[in-house]
Structure formats: C-alpha cells, structure tokens
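To start, the structure itself, in structure tokens.
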Protein chains: 2
Amino acid sequence: MAPTRATIEDVARAAGVSRAAVSKVIRDAYGVSDSMRERVSAAIADLGYRPRVAARAMRGSSRTVGVQLPRVDNSFFARILVGVFDHLEGTGYQTILAPMTHAANGKAALESLVDRQVDAIIAVAPAVSQTWLEQLGLRVPLVQIGQHDDPEHYDVVTGDDEEGSRLVMAHLFELGHRRIAHFTVDQRALSDPPADPHLARTRIYDELMTERGLPTDTRAIPLTEEAAYAETISLLSLADPPTALFAGHDELALGALRASAERGLGPEEFSVVGYDDVPIASHPLIGLTTIDQFGEEMGFLAASLVLERISGRTGSVLRQTDPVLRARRSSARISSATQAAGAD
Amino acid sequence: MAPTRATIEDVARAAGVSRAAVSKVIRDAYGVSDSMRERVSAAIADLGYRPRVAARAMRGSSRTVGVQLPRVDNSFFARILVGVFDHLEGTGYQTILAPMTHAANGKAALESLVDRQVDAIIAVAPAVSQTWLEQLGLRVPLVQIGQHDDPEHYDVVTGDDEEGSRLVMAHLFELGHRRIAHFTVDQRALSDPPADPHLARTRIYDELMTERGLPTDTRAIPLTEEAAYAETISLLSLADPPTALFAGHDELALGALRASAERGLGPEEFSVVGYDDVPIASHPLIGLTTIDQFGEEMGFLAASLVLERISGRTGSVLRQTDPVLRARRSSARISSATQAAGAD
DNA sequence: TTGAAAGCGCTAACAA
DNA sequence: TTGTTAGCGCTTTCAA
C-alpha cells in the first residue's frame, strides 16, 4: 500500500525537535543553530518530506505565480510563456498555468488562480474589462500583457501596436500596394475603453489608408487560421481583389497564405503581412513578413514587474516593447500586370 | 483598501445557518432542504463567496487534475493539451499545468503537482524512469502519455510508433530512396527498460534498412529545430549525401527543411518525412509528409482514463492511437539525376 | 535558540 | 434536516 506522506510533525519527531523548528529550517528563517539545521535537514532527506502547498497557503504564501493564457496552441503566447518561465525559474516561485477553456471568458481562469491563492497573477490578453482587472489588482499583484489599459492597480506590458502597424503599412505602400485589405478581431468582450491591440492596428490602418485617399477594406473575423483562410478565399474571388493584406496577426496571415498558395498566387499578386513573428514565420518555405514584438521579452518583463509588486510596489507601471519589421518573401513589389489589372 | 475575502463562516452567518450547511450546499451533498439551499445560495452570491482550494485540499480533494508538460512551445504537445482540456471541461475538475522548466528533469514538475495535492496527474513524455512513475502511481491516479511503459500502477497512452515508422519507411522506399538518414533523440534520461517513442522509431528504421542491405545513418541530436538544421547542413555537405531523411519528429523535420530550402533543394533531391503532424505541416507552403498520431485524441483518452482512476479503477490500461501517413510534397520520387549521382 | 499553542478555511463524522 | 466539533499541515506570535 502507499505509505502515508510525511508531514512536518513526522520530521519534527524524527529529528527530536518541535514543528516550529522544522518550519524555520525549511523556510530558512532566522534563529536556527547549525546543529539543529543539520539534524532537521537529515530528517527531511530521510523521510523524503515535502511541504504541502495547501497547508502553507492556509497560513501564508503559496509561493506561486499564476499565469492565465487564452489559448495554449498559439505560438505567440508560447513565446510569452517562455519569457515568463525564464525569469521566474530560480526565484523560488513556482508557476502554474490556468489556460482558458473554450467556454471561458477569461474571468473563470483568473478566478481559479485566485481560488488557489497564488501570490501574483500574469494575465495574458485577458478578455475582461479594465474595471474588473482593477478589482483584481486590488487583491493580488497583477500584470496584464497585451491590452492597452491605463490602470491604477496593476502593471501592463504591451507592444507598440501603432508603431508596428505604421511599419507594416509603410512597407506595403513602398512596395506599390494601394488596394490593401485588413483582417481584424471579430466581436470580442471588449473592455471599455477599448484596449485590444487589434483595435490599435485597425485604427492605424484606417488612418493611413484614408490619409492617402484609399478605400479601406476591413474584415472582422474570428482570430483563427480557418477563418482567415475562408475570408481570403472570398477576398480573392472579388472582381477586383486587393493586392495585399495586413492580417491582424500571424495565425491569420498563415491562413491567408494557405489560400493564396493554393491558388498559386505569389507575393507580386497578393502580398501578406502578419503580426507577432511566430517562429515558423522565419522558415524559408513560409517567409512571412511580420512585426516582431518580442514575446519572450514581454513575458520576461511581466515576470519582473510581478515580482516587484510581490515585494510591495504599488501604483502602476507601463512597459512597451519596440516593434521591428521582419521583411520576408510573403510581401513583394506589386507586378505591373497585377497593377494594370486593378487600374480604375 | 481591498476588503477581506468572504469565508464559509461569513456565508453561514449571513444565511443564519451553520458552516456545515453551507459546505453541503456548495458540494451539492445529500441532506439539504430547498429553503436552506436557497438562502445559502443567495448569501453566497451576495458575498461573492468562492471556496479556497487550499482549505478544501486540507480536508479532501482539490478537484484538480495536474498536467506535466516538457515544453510549452511545441505544437504537438499543444495538440495533446487541447484534447485534455476538451475532455476535462465541464467535469468539475480544474486543470493546472506544470510545465517543465529548463533545468528540470520532469521530476520537479511532477513533484510540484503532488505538493499541490492534485487529484490526478497526466504526465506527458516525462523524463523519469518507469520505476519512479510506479511509485507515483501508487500515490495518485496517473496517466502517462508517450513512453512505451508496461506499468502496474498507472495507465499509458501512446501512438503505435513501430507501425508509424513502417509507414514512413515504406513510403520512402516506394519513392525510390535508398540512402536514407535518420535523426533521433540525443542522450536522454532514458528509463529502464528504454521506452522512449524515438527509440521505437529508430529500431524500425534500423530493421528495415538492414533488411534491404542498406547502410544506416542515424544521428542522435537534441530535439530542437536548430540542431536538426545544423545536422542537415552537415548531411548535405557530404560527398555522397542521403536523398531522404526520416526525422524523429516534425520539429526536426522543419529544421531539416529549413536547411534544404536554403540550398534550393527540392524533394526530388532531398525528401524529408517527420512525425506527429503538427498543424503547420499541412500548410501548402510547407507540405510536410509526416505521421499523424492524433495528439488531441491522445489527450482525450488520457483524460478519460484519469477520471476512471479517480473513480477507483486500479490496475493499468494501455491505449494506442493508430498512425496515419500524411503524404505531402516534402517527399517525392527521387530524380534520375540524383539517383545517378549517388550510384555506387 | 527553542518550543507551545493558536488558528488559517474547510470537510466529515456524529449528534441532536 | 441541521448543527457541533474535531481536525487536515502548516506558520507565527509569544514564552521559556
């Protein structure tokens, strides 16, 4: 049968000391003699004792940072996670992940983290209002990644979506594109004021197209590769199809490339630009032009901010990563034939 | 200031009942009158009460299934996770993820799950010995995904790696390849007996090559795209390079394709076959020939097995998914020129 | 430097 | 059907 797990009491008895003494040793607390530390450590090793997180959480801290993630099968979120783990590793804080389930609205995942009494929360692109996050930030050290909030009680890490979008549009304009479509987020539980990064991208797209007197063609779709594929098919079936697409992010861009590749269209006929620079984007067979917003760095920053808050810092800190354009072969100068075809 | 969180005591007081009564209501336990249920529910809603996981875990169950994952930035593991979440959602069990950190050996992640008193564990490709897992299985309902263990105290879900590898090799032979290289796992904390899926793949590769009197060329490398890229470069620099590669899994295959694409080599000169069928493999620009081993289904199976164990089943159950070859454009019939160049 | 003892929030006997 | 009560394993005053 499974032997019952050793408790602090067992260790105390084995070492011939009090429970309090053992507690002090495992927490490396002040006021323990060397001989006591040795005896206790020996007993701990002997019994294979490991403190239970639940019992510790009852009296103090769970020594855990909780991360909420919208989806686990998204390469950009994975980049962020890598950054978070890199920073938290060796800090004495464990990390647990509460991925949003299908039904979930983000709230559920964050609440489950609170129920576990995590010492801090890193919320990645949470689909909850800023007001709700403020409440949460009041109770637990909190860092939000992605949304352009302007909070009082938590920190925020984002990319500079406006600058990134300007880089995208300038790139496409320079390549001669004028009929440029744009994919952006579908209806979403948008916070008030709207802070979704996709909204910033769309805003710049609108602004720069309008500035040049060009008609906009924005399509709000679910943020999935499938949706982007389907929408691109319909885009390319237009009498006068666009010559370029600014996809809201790389997953959408990959879906668009799926459609254009199936039709045998190259970048001279249909250029595609994404956002995020997921790892596969740099693969020579894909060569997706995109914006690198340094997901690992975002995760790393969020982790350090959250540690600061655990240490007592309040107020709010905003951090942004600087976007960089990665020009690859999915975008190219428009061919003269294509250009002529689309002439008014 | 942050108001202090409501406890079961607060709810009891507000509803004018005992703590036990509240406990029964939230656990949907037997023996509660409708009127009491109503009053208590009202008080719970009123106070925004949520039970603390730690306190519940002290007395019984944490209602949590823990998942251990080697890496979070791997598309195949992501497929497995999606399957696990799909199944566990709505079962009343929460899921938490303990991803292996860099230093970790898998043991650390699993132990941290035990420290949290999860009700069950799903271990994905854990780098620990079968002996160690048996110990763990004795203490907590456990399902292992990936390794070909033959356990007594936990369940196992794997693909049929031998059959999958036969499909790969038959495919390459049929396309006329005879000089076939193979990438497999580097030194790893291999259990005893060796149960790693990569070993099974290599075994079949060896067997089938030898059967045909062909020389094997197996290269044990770290399981990263970078390592595969570098190794492929050196492979292609050989005087008499192989015409095909059976990569241990898709990430390695993508690294190999990176190298061959950079050299402008098509599948007629250098065919690449992977394993896993990660989502990007089916992208027309990649078109990676690979083995689908249905990651979501593996996760789904593991989740249902683990629920059975929670319900009291003991012994051990083994489940396998049937592999399917996805032939795409990364593999092709060897060109006559290439064939001639390599003739003995 | 060490130990005794209270109590964190909950569940599960058991009694009423 | 409802309430009383005894802990679960730890941390943390507070005394010794």
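Convention: sequence-line order gives letters A, B, ...; per-chain numbering from 1.
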[X] side-chain proximity, nearest of [options]:
X: A:R56; options: D:dG9, C:dT11, D:dT11; answer: D:dT11
X: B:K24; options: D:dC10, D:dG3, D:dG9; answer: D:dG3
X: A:S18; options: C:dA5, C:dG9, C:dA4; answer: C:dA4
X: A:I26; options: D:dT11, D:dG3, D:dG9; answer: D:dT11
X: B:R27; options: D:dT11, C:dG9, C:dT11; answer: C:dT11
X: A:R59; options: C:dT11, D:dC10, D:dT4; answer: D:dC10
X: B:R19; options: C:dC8, D:dC10, D:dA6; answer: D:dA6
X: B:T7; options: D:dT11, C:dA13, C:dC10; answer: C:dC10

Rounded distance in Å - [atom1] ([X]) to [atom2] ([N]):
X: A:R37; N: C:dT1; atom1: CZ; atom2: C1'; value: 12 Å
X: A:E38; N: C:dT1; atom1: CD; atom2: C1'; value: 16 Å
X: B:R50; N: C:dG9; atom1: CZ; atom2: C1'; value: 15 Å
X: A:R63; N: D:dC10; atom1: CZ; atom2: P; value: 12 Å
X: B:R13; N: D:dG3; atom1: CZ; atom2: P; value: 14 Å
X: B:D28; N: C:dT11; atom1: CG; atom2: C1'; value: 15 Å
X: A:I8; N: C:dC8; atom1: CD1; atom2: P; value: 18 Å
X: B:E9; N: C:dG9; atom1: CD; atom2: C1'; value: 10 Å

Hey, does [X] reach any base, or is it just sugar-phosphate, or nothing, if we go heavy atoms under 4.0 Å?
X: A:G31; answer: base
X: B:S33; answer: sugar-phosphate
X: B:A21; answer: sugar-phosphate

So, [X] versus [Y]: side-chain donor-acceptor pair below 3.5 Å or not?
X: B:T158; Y: B:Q320; result: yes
X: A:Q144; Y: A:D155; result: no
X: B:R116; Y: A:S62; result: no
X: B:S61; Y: B:D119; result: yes

Given that B:Y30 and B:Q117 both sit by DNA chain D, which one's nearest nucleotide is further toward the 5' end?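 This one resolves to B:Y30.
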
Closest to the 5' end of DNA chain D, once B:A55 and B:V17 are matched to their nearest nucleotides, is B:V17

Exercise for the section: Work out which heavy atom in B:I145 is nearest to a heavy atom in B:A302; give both atom names and the distance. Expected result: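 In this case the closest contact between B:I145 and B:A302 is CD1-CB, 3.5 Å.
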
A:A54 and B:Q117 have their tightest heavy-atom pair at CB-OE1, 3.5 Å

